[in-house]
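Only one structure is covered here, and it is reproduced in the block below.
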Amino acid sequence: MHFDAPILTDFDDDPRHAPEAPDPTQALLADLTEPQKQAVLHTEGPLLVLAAAGSGKTRVITRRIAYLVHCGVPAWQILALTFTNKAAGEMRERIGTLLGEGARASRGLTVCTFHALCARLLRRYAEAAGLKPEFAIFDTSDQLALVKKAVEACQLSTANFQPRAILSAISNAKNDLLDAEQFAAGAMDFSTRCVAQVYRAYTRMLRQANAVDFDDLLLLTARALAHNASVREECRARWQYLLIDEYQDTNKAQFQIASLIAGEGQAGSRRPNICVVGDPDQAIYGWRGADISNILDFEEHYPAAAVIKLGENFRSTAPILAAADTLIKRNTRRKHKPLFTSKSGGDRVECVLCRDEHHEARLAADWLRSRHEAGTPWREMAVFYRTNALSRVMEDALREANVPYTIARGTAFYDREEIKHALAYLRVVANPADGVSLARIVNVPTRAIGDTTYARLESHAAAQGVTVFEAMRRAGSAADLNARAQGAVGKFVQMMDGWTAGGAFMGQSLSTSLADLVDRVVKESGLESMYKAQAHTSKSDADAERVENLAELVSSARQFEMEYDPAADPAADPAAGGTPPLLAMLRGYLESVALVADADAVDPAQGSVTLMTLHAAKGLEFGAVAMIGLEEGLLPHARARENDAAMEEERRLCFVGITRAMRRLLMTASKYRTIRGMSERTIPSRFLGELPGEHVTISDQSDMWDGHDEEHEDASQETPRDGNRRIVGGGGVRPGAHQYPVGSVVRHPQFGVGVVQSATLGADARVVVAFRGVGTKTLVVAYARLTLVNPAG
DNA sequence: TTGCGATCCCTTTTT
DNA sequence: GGGATCGCAA
């Protein structure tokens with residue numbers, strides 16, 4: 001999860017290897033095909049590698065880097081950029097293995113994501129970017145909170161200007177390298193001008209909070225590189241060899257960052273050593289601003305570029321490959337590029353039309369089980385879906401079928417309420433200007449600093465031009481705060497100071513280790529005891545789990561600490577101003593937490609089936625793959641309707657899913673699907689119809705299923721089950737609200753144990769349940785995963 | 001104020 | 001399915 005590829009660290013010793021020693025070099029090339037070899041050997045000058053799915057791309061990249069090092073290029077001169085931490089970690093590991101003992105030869109090598117690189121550059125060159133090095137990285141929920149405030153500050157209504165929509169407009173602008181002023185300049189109509197106004201306010205508030213959002217990481221880095229010659233020259237001098245994976249998914253900002261580091265446009269005849277690798281057929285991030293023309297026009301940008309095509313597929317059987325090829329051929333905006341394999345034989349792709357999502361999930365689970373019985377280990381199997389919402393039914397079915405599974409959601413842990421709270425404390429510790437985090441935790445647990453008090457503090461801060469935390473420090477002189485509030489605020493400030501020594505991070509009474517600091521914050525803030533108290537009174541697993549999660553956060557900090565290399569952290573550079581080591585480490589930790597991706601959680605070491613979205617599946621491969629939800633509106637997604645470019649992207653997404661499969665592929669659709677509580681008739685995906693008949697079997701089993709038989713069974717009682725599909729007739733009445741009388745104790749898998757407060761009747765009967773420590777929730781009786789623990793009475 | 005309950009409203013993908 | 005929000009009652 002964490003990574004500390006050192007950057008901008010000077011090494012006194014030169015790890016240059018003697019150029020002789022042909023043997024290791026030969027070993028690097030021995031098992032490569034001719035085009036693969038060419039890609040490895042072409043080390044000087046721009047290179048475009050068009051790598052079709054399954055063509056051995058990762059192998060080429062890792063060999064190429066190892067080869068460079070063998071040829072005497074110091075590893076620290078090499079920069080390799082990926083899209084996920086997972087990909088970066090794997091690449092680093094494989095290169096380390098190739099280079100052999102001690103990993104000394106790979107010392108200083110930089111392999112990381114664009115975002116991680118930018119975060120580090122911005123800390124190193126914070127001043128040039130107009131930031132302070134302890135800046136926070138805001139996630140989507142922080143961004144939304146801030147946009148909402150910005151909309152209000154502009155005196156606009158959040159009803160007419162939905163924060164979500166505005167945020168997405170701002171994000172698009174940033175991905176196109178437009179700052180607030182440039183965006184405003186192009187805003188003609190009323191609504192766009194309002195967005196521009198909010199953009200301005202939002203940017204101002206971000207800077208006041210000393211924070212950046214995900215898009216800023218790229219935008220501000222691109223800007224610093226473009227406008228600041230010394231930043232640019234330092235980076236160019238350091239990284240002589242640049243390699244970018246998944247180049248088809250880079251956006252304008254990333255393109256500019258890459259170009260500036262590579263040295264495009266420099267006077268003279270310098271041919272930058274930039275190697276980009278990608279596949280236009282796997283471009284699936286258009287919605288995030290990725291611009292496929294970056295890869296298509298590479299040769300125009302670098303006229304000296306060599307182009308190498310890797311076409312042969314080493315991954316999939318012929319029928320799977322034929323399915324993928326036939327499908328992707330439907331895309332019109334595409335250079336045709338046949339996929340081929342020298343393998344023959346292989347099972348047909350199986351397509352099944354099911355009755356409903358429960359049938360579909362059960363069928364997929366049974367299919368996986370049969371693959372397992374045929375010898376495929378669980379870890380070599382995966383289930384893909386278009387939207388995360390589809391994972392739930394699948395999970396239930398896998399649990400019932402006793403199929404071990406893990407969901408690839410790297411962010412899930414950090415999305416938990418208790419973790420978000422703890423991290424918010426830490427963020428304020430690292431960066432007291434972070435008003436968004438401060439607002440989150442100032443009254444959690446309750447310490448008599450309510451909304452009213454906080455609003456007053458905010459207005460003081462605004463009036464005096466200081467941060468809210470500074471206003472809290474001065475609360476003693478705030479006339480409109482009563483003594484009780486002043487006391488409460490004073491205690492809060494004192495608590496924070498106890499962790500930071502008033503922000504100095506120096507002194508013998510302070511924590512010496514990061515884990516110790518996190519532990520202190522979790523305990524002394526009262527968070528832990530708050531959840532402990534709840535766990536005690538409610539006896540629910542959910543609350544006990546929260547306490548455990550907090551403990552896990554402490555151990556994740558300890559883990560980070562052990563892997564942390566201060567020399568690798570540019571912010572810890574003594575020349576950068578003598579940052580206390582604990583603060584530097586805390587920054588690094590918070591940064592690594594902010595940049596985790598869902599795909600990072602894919603752990604093949606576990607003996608379980610992996611569930612993930614199609615987007616997260618890119619770059620992976622599995623022996624057997626089940627793709628579910630092949631329906632119009634889902635895949636292709638409804639949002640892609642009436643938009644040819646978006647529709648082609650959906651097709652590429654489907655293509656990516658298919659090409660992950662090595663030997664077996666199941667694709668399912670269901671005739672009926674429950675969408676926000678309503679069962680709706682669906683239409684099978686057009687993509688199914690686009691598959692080649694001779695390599696695909698299609699079966700309609702939608703009338704072979706009649707079962708709502710055990711939907712509300714308590715999944716925790718692990719009833720043994722045979723592997724056969726159960727087809728149960730009759731008896732499929734969904735439970736009504738009358739089954740949960742007021743006063744009943746129920747269990748919800750996420751919210752824990754609660755008491756039914758009230759119930760409504762009718763087709764979409766709902767119950768209001770008070771959950772301990774979570775609050776009250778209104779749940780749809782027919783679909784909520786409720787278990788009756790104890791009926792009223 | 002705070003807690004509760006009802007009503008509204010949405011709904012992709014992710015660094 | 002459930003998050004957000006707003007009005008109402010205590």
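Remember, predicted model here, so these are calculated numbers, not experimental data.
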- Can you check the A:K174 NZ to B:dT15 P distance for me, whole Å? 18 Å
- Task: Establish, with yes or no, whether the OP1 or OP2 oxygen of B:dT14 is under 4.0 angstrom from a side-chain nitrogen or oxygen of A:N388.
- Result: yes
- Query: Whole Å only: how far is the CG atom of A:L611 from the P atom of B:dT13?
  - Reply: 14 Å
- Take the protein atom CD1 of A:I284 and the nucleotide atom C1' of B:dT14, then report the distance between them rounded to whole Å. 10 Å
- Message: Using only atom types and a distance under 3.5 Å, with no angle test, would you say the side chain of A:D216 pairs donor to acceptor with the backbone of A:L220?
- Response: no
- Item | Nearest-nucleotide 5' precedence on DNA chain B, A:L218 against A:R164 | A:R164
- Message: Is the positively charged end of A:R652 above the ring of A:F655, judged by distance under 6.0 angstrom from the centroid and angle within 45° of the axis?
- Response: no
- Note on the structure: note: A:M612, atom CE; B:dT15, atom C1'; distance rounded to Å ~ 18 Å
- Note on the structure: Checking B:dT15, B:dT13, B:dT14 against the side chain of A:T387 (C-beta onward), the nearest is B:dT13
- Message: Can you see if the side chain of A:K148 gets near the phosphate of C:dT5 - specifically, an N or O under 4.0 Å from OP1 or OP2?
- Response: yes
- Identify whether NZ of Lys or CZ of Arg in A:R660 sits under 6.0 Å from the centre of the six-membered ring of A:F622 and within 45° of that ring's axis. no
- d(CD1, A:I675; P, B:dC10) in whole Å: 16 Å
- Message: Over all strands shown, is A:F114 touching base, sugar-phosphate only, or nothing at heavy-atom distances under 4.0 angstrom?
- Response: nothing
- Message: By nearest heavy atom, map A:A594 and A:E650 onto DNA chain B; which one lands nearer the 5' end?
- Response: A:E650
- Message: OP1 or OP2 of B:dT14 versus the side-chain N and O atoms of A:T140: is any pair under 4.0 Å?
- Response: no
- Going by ring centres under 5.5 Å and near-parallel planes (under 30°), is A:W287 stacked on B:dT13? yes
- Query: For A:E246 and B:dT13, what is the distance between atoms CD and P respectively, to the nearest whole Å?
  - Reply: 19 Å
- Item | Rounded interatomic separation in angstrom, taking CG from A:L144 and C1' from B:dC10 | 13 Å
- Message: Going by salt bridge (charged side-chain N to carboxylate O under 4.0 Å, His left out), name the residues that satisfy it together with A:D176, two or more places apart in sequence or in a different chain.
- Response: none
- Set of residues satisfying salt bridge (charged side-chain N to carboxylate O under 4.0 Å, His left out) with respect to A:R686, sequence neighbours excluded: A:E632
- Which nucleotide in B:dC10, B:dT13, B:dT15 has an atom nearest any side-chain atom of A:Q162: B:dC10
- Item | A:Q254 CD - B:dT14 P separation (whole Å) | 16 Å
